[in-house]
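In what follows, every chain begins at residue 1, and chains take the letters A, B, ... in the order their sequences are listed.
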Protein chains: 2
Amino acid sequence: MILKSQVEWALHCCAILAGLPEGRYLSTKALAEFHGLPKEYLSKALQSLSQAGLVHTTLGPSGGYRLAKAPAELTFLEIVEAVEGRSRTFVCTNIRANNPCRAPGYCEETPCAVARIMWEADEAWRDKLRSVRLSDLIEILSQEIPSDLLKRSFAWVLERAG
Amino acid sequence: MILKSQVEWALHCCAILAGLPEGRYLSTKALAEFHGLPKEYLSKALQSLSQAGLVHTTLGPSGGYRLAKAPAELTFLEIVEAVEGRSRTFVCTNIRANNPCRAPGYCEETPCAVARIMWEADEAWRDKLRSVRLSDLIEILSQEIPSDLLKRSFAWVLERAG
DNA sequence: ATATTAAGGATAACAAATATCCCTATTTTT
DNA sequence: AAAAATAGGGATATTTGTTATCCTTAATAT
């Protein structure tokens, strides 16, 4: 049970977009080059972000992506779910219904207790991701990454931002 | 990102094994029939539980499985990890290392901040599963399942327990 | 002896993730 | 007006992982 690699890509791309000046856009090409990712496939992840309304896009030269809201208003959960979907990790196939001892026609309405417990764990995972905002990541990165690398990366992005 | 169906099977099987009288064993065949599952494939899940040391086995007629510890000492996490493995849901491919602006030879030692956050969510998921014991599930089931169905199921299992 | 069991190797069928290619409509730049 | 660059998305491989079955072996109870 592993998350799609596009989740990782989307998170890193959002971190870059968070540093983009107001009103400017960064293309798939630039984001792919910056992260060393296949452009066509990364495009799918960015489309997911777009469909979820997390980023705005423009066409044409100097077109690309920018965040649709402030980094402080964008949670990890939103980004992860945009790419990975909102389905639970545990799927209940209701095997208790196969119990040969059950009364004929007996079919429970309430979800299986096993499933409920597993879903609570899923919720704990979501709660954690919902509690972290993109701005939290930016703050950590700005402390951890050497300032010269930060500056050069910022300049690199600005050169390519339409 | 979906858990293996064997996780569901293992949890339900452990719930049945928890009701087994001391010193008795239940076979793959019986567990598969009770849950309406393919015997050969369910066998793989039970082997995982065995390799993890969560169940004991015996061979020959009247052989099968029993829990290796009391239901109060067996957590959901142990069962889930026995089948699903202990790997994290988020895999960091360290794409930050592809940053064209990084200094040559510059290679960070610390894990990527994105990965650390995602791993914290994984830990929250694990923490929740670690907090639930098999005995908790048994208690819920004994309250929710009609007592006549419980009795018949118990008798069904006892008939087949070696 | 015989029948039954767990364990595990080999392999096939199926589904999902990963990746690439190509076409279209739109928008900026020239 | 023409050209170039962009997002969006459909089609389609390729690769990997899950699901499932079959078969052999060693151990054990009857």
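T28(A) comes within 4.0 angstrom of sugar-phosphate atoms only, judged by non-hydrogen atoms across all strands, and of no base. Within the nucleic acid shown, G64(B) comes within 4.0 Å of sugar-phosphate atoms alone, with no base atom in reach, counting heavy atoms only.
A salt bridge between D127(B) and R130(B) is present, with a side-chain N of the basic residue lying under 4.0 Å from a carboxylate O of the acidic one. Under a 4.0 Å N-O distance rule, the pair R133(A)/E78(A) does not qualify as a salt bridge.
Using a 4.0 Å cut-off, no side-chain N or O of Q51(A) falls inside it from OP1 or OP2 of dG8(D). Residue S5(A) places at least one side-chain N or O closer than 4.0 Å to OP1 or OP2 of dT18(C). For dA7(C), the OP1/OP2 oxygens have a side-chain nitrogen or oxygen of Y65(B) closer than 4.0 Å.
Spacing between atom NZ of K4(B) and atom P of dA16(C) amounts to 16 Å, rounded to whole angstrom units. Going from atom CZ of R160(A) over to atom C1' of dT6(D) covers 16 Å, rounded to whole Å. Between the CG atom of L42(A) and the P atom of dG8(D) there is a distance of 12 Å, rounded to whole Å. Atom CG in L3(B) sits roughly 16 Å away from atom C1' in dA15(C) (whole-Å rounding). dG8(C) atom P lies 12 Å from atom CG of L46(B), rounded to whole Å. Rounded to whole Å, the distance from CD on Q47(A) to P on dA19(C) is 16 Å. The distance between atom NZ of K39(B) and atom C1' of dG8(C), rounded to the nearest whole Å, is 14 Å. If you measure from atom CG of L49(B) to atom P of dG8(C), you get 13 Å, rounded to the nearest angstrom.
Nearest nucleotide to the side chain of Y41(B), out of dT18(D), dA19(C), dA7(D): dT18(D).
Judged purely by distance below 3.5 Å, without hydrogens or angles, the side chains of R96(B) and N94(B) pair a donor atom with an acceptor atom. In the model, S48(A) has no side-chain atom that pairs as donor or acceptor with a side-chain atom of Q6(A) under 3.5 Å.
Among all heavy-atom pairs drawn from G63(B) and Y25(B), the shortest one is C-CB, 4.0 Å.
For R152(B) and W156(B), the positive end is not near the middle of the six-membered ring at less than 6.0 Å and at most 45° from its axis.
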Pull out every protein N or O sitting under 3.5 Å from an N or O of nucleotides 22-28 of chain C, one pair per line with the distance.
{"residue": "dC22(C)", "atom": "N4", "partner": "E40(A)", "partner atom": "OE1", "Å": "3.3"}

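Residues L49(B) and I79(B) have side chains in contact (heavy-atom distance under 4.5 Å, counting atoms from C-beta outward).
Contact annotation: side chain of K44(A) to base of dG8(D), donor-acceptor pair absent below 3.5 Å.
Within a 6.0 Å sphere centred on NZ of K69(B), other residues, nucleotides and ligands contribute more than 12 heavy atoms.
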(message) One pair to check against side chain to side chain contact (heavy atoms under 4.5 Å, CB included): V80(A) and W125(A). What are the steps and the verdict?
(response) CA-CA 11 Å; V80(A) 170; W125(A) 185 78; 3.9 Å; yes
(request) Go through the steps to decide whether S43(A) and Q47(A) satisfy the test side chain to side chain donor-acceptor pair (under 3.5 Å), and finish with yes or no. (result) CA-CA 6 Å; S43(A) 170; Q47(A) 284 174 37; 3.1 Å; yes
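Residues of residues 6-25 of chain A having a heavy atom closer than 4.0 Å to DNA chain D: none are found.
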